[in-house]
Amino acid sequence: MNAVFPGSFDPITSGHMDVLTRAVKIFDHVTVTVMHNARKQGRHLFTLDERLEILRQATAHFGNVSVDSFGGLLVDYMARQPGGVILRGLRAVSDYEYELQIAHLNRQIGDAETVFIMAATRWSFVSSSMVREIASYGGDVSEMVPRASAGALRQKFADVYAEREAAQAGAARSAADQTPTV
Ligand code: PNS
């Protein structure tokens with residue numbers, strides 16, 4: 001059976017990767033699909049092309065994963081994949097209510113089935129939006145995202161990272177200068 005893993009992936013996180021790592025053992029093939037809407041493009045940190053490139057790099061080691069994009073209703077995309085199911089990850093109970101609503105709506109408007117995979121608890125607090133927030137201040141997100149996302153975030157916020165690292169190096173130097181020598 002084939003699964004479609006839809007999302008914004010702005011950018012893909014370690015939580016998404018965890019779900020994907022579990023899914024590739026269950027499904028014959030998983031298509032990670034960036035759902036995009038031209039009217040919402042401005043609300044994303046990464047362009048569609050950037051997100052696709054990050055996804056390609058992050059999923060290159062899986063033998064049964066491909067990357068795609070679609071601008072429209074998910075059920076219309078699913079209609080092009082007969083027999084496929086929608087795959088969504090759940091991090092915590094708080095995700096469930098929203099996901100349940102979407103899953104029921106997708107079943108009602110397009111007869112599409114949704115399968116959920118629980119992400120490991122260590123990712124329960126990780127989301128693309130939190131990762132973007134931390135990176136926008138030059139914080140370390142390397143544990144929370146795959147290497148491709150971390151590199152892209154560093155590039156996007158290069159000035160902020162450089163400034164924070166310079167400030168940290170300065171603080172370390174003055175702390176060392178104040179350490180009494182015996
Ligand atoms: O990563 P996200 O933002 O949680 O993903 C949500 C997404 C993109 C899967 C969802 O918003 C979606 O399916 N959008 C496509 C438009 C659509 O079909 N909307 C109706 C769902 S009832």
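Keep in mind that what you see is a predicted model, and the values were worked out from it rather than measured. Just so you know, ligand 1 is whichever comes first in the structure, and atom 1 is the first atom listed for that ligand.
- Distance remark: protein heavy atom present below 4.0 angstrom from atom 9 (C) of ligand 1.
- Contacts between Leu105 and ligand 1 below 4.0 angstrom, taking non-hydrogen atoms only, involve the side chain exclusively.
- The hydrophobic clustering, which links ILVMFWY residues whose side-chain heavy atoms are closer than 4.5 Å, places Ile26 and Val24 together.
- Put simply, atom 12 (C) of ligand 1 has no protein non-hydrogen atoms near it, under 4.0 Å away.
- The contact set between ligand 1 and Met35, taken as ligand atoms under 4.0 Å from a residue heavy atom, comprises 8 (C), 15 (C).
- Close contacts between ligand 1 and Leu74 involve ligand atoms 13 (O), 17 (C), 18 (O) [criterion: under 4.0 Å to a heavy atom].
- In terms of polar-atom proximity, defined here as any N/O pair under 3.5 Å, Ser8 does make such a contact with ligand 1.
- Among all protein heavy atoms, the one lying closest to atom 17 (C) of ligand 1 is Leu73 CD2, 3.6 Å.
- Looking at ligand 1, you'll find an N or O of Arg88 within less than 3.5 Å of one of its N or O atoms.
- Judged by the 6.0 Å distance and 45° axis criteria, Arg154 is positioned over the aromatic ring of Tyr161.
- Between Val32 and Asp68 the shortest side-chain heavy-atom distance does not fall below 4.5 Å.
- Taking the side chain as every heavy atom from C-beta outward, Leu20 and Val30 approach each other to under 4.5 Å.
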Test Arg122 against Glu143 for salt bridge (Lys or Arg N to Asp or Glu O under 4.0 Å), laying out the working first.
CA-CA 11 Å; Arg122 67 181 294 219; Glu143 284 280 301; 3.5 Å; yes
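- Between Arg107 and Asp111 there is no salt bridge, since none of the side-chain N atoms of the basic residue sits less than 4.0 Å from a carboxylate O of the acidic one.
- The nearest protein atom to atom 21 (C) of ligand 1, hydrogens excluded, is given as Asn106 OD1, 3.9 Å; this is a heavy-atom distance.
- The distance from ligand 1 to the heavy atoms of Gly72 drops below 4.0 Å at these ligand atoms: 15 (C), 16 (C).
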Asp18 and Arg22: salt bridge (Lys or Arg N to Asp or Glu O under 4.0 Å), yes or no, with the steps?
CA-CA 6 Å; Asp18 181 79; Arg22 296 168 197 282; 2.9 Å; yes
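- Under the 6.0 Å cut-off for aromatic ring centres, Phe70 and His36 do not qualify, their centroids lying 6.0 Å or more apart.
- Not a single heavy atom of Ser128 lies less than 4.0 angstrom from ligand 1.
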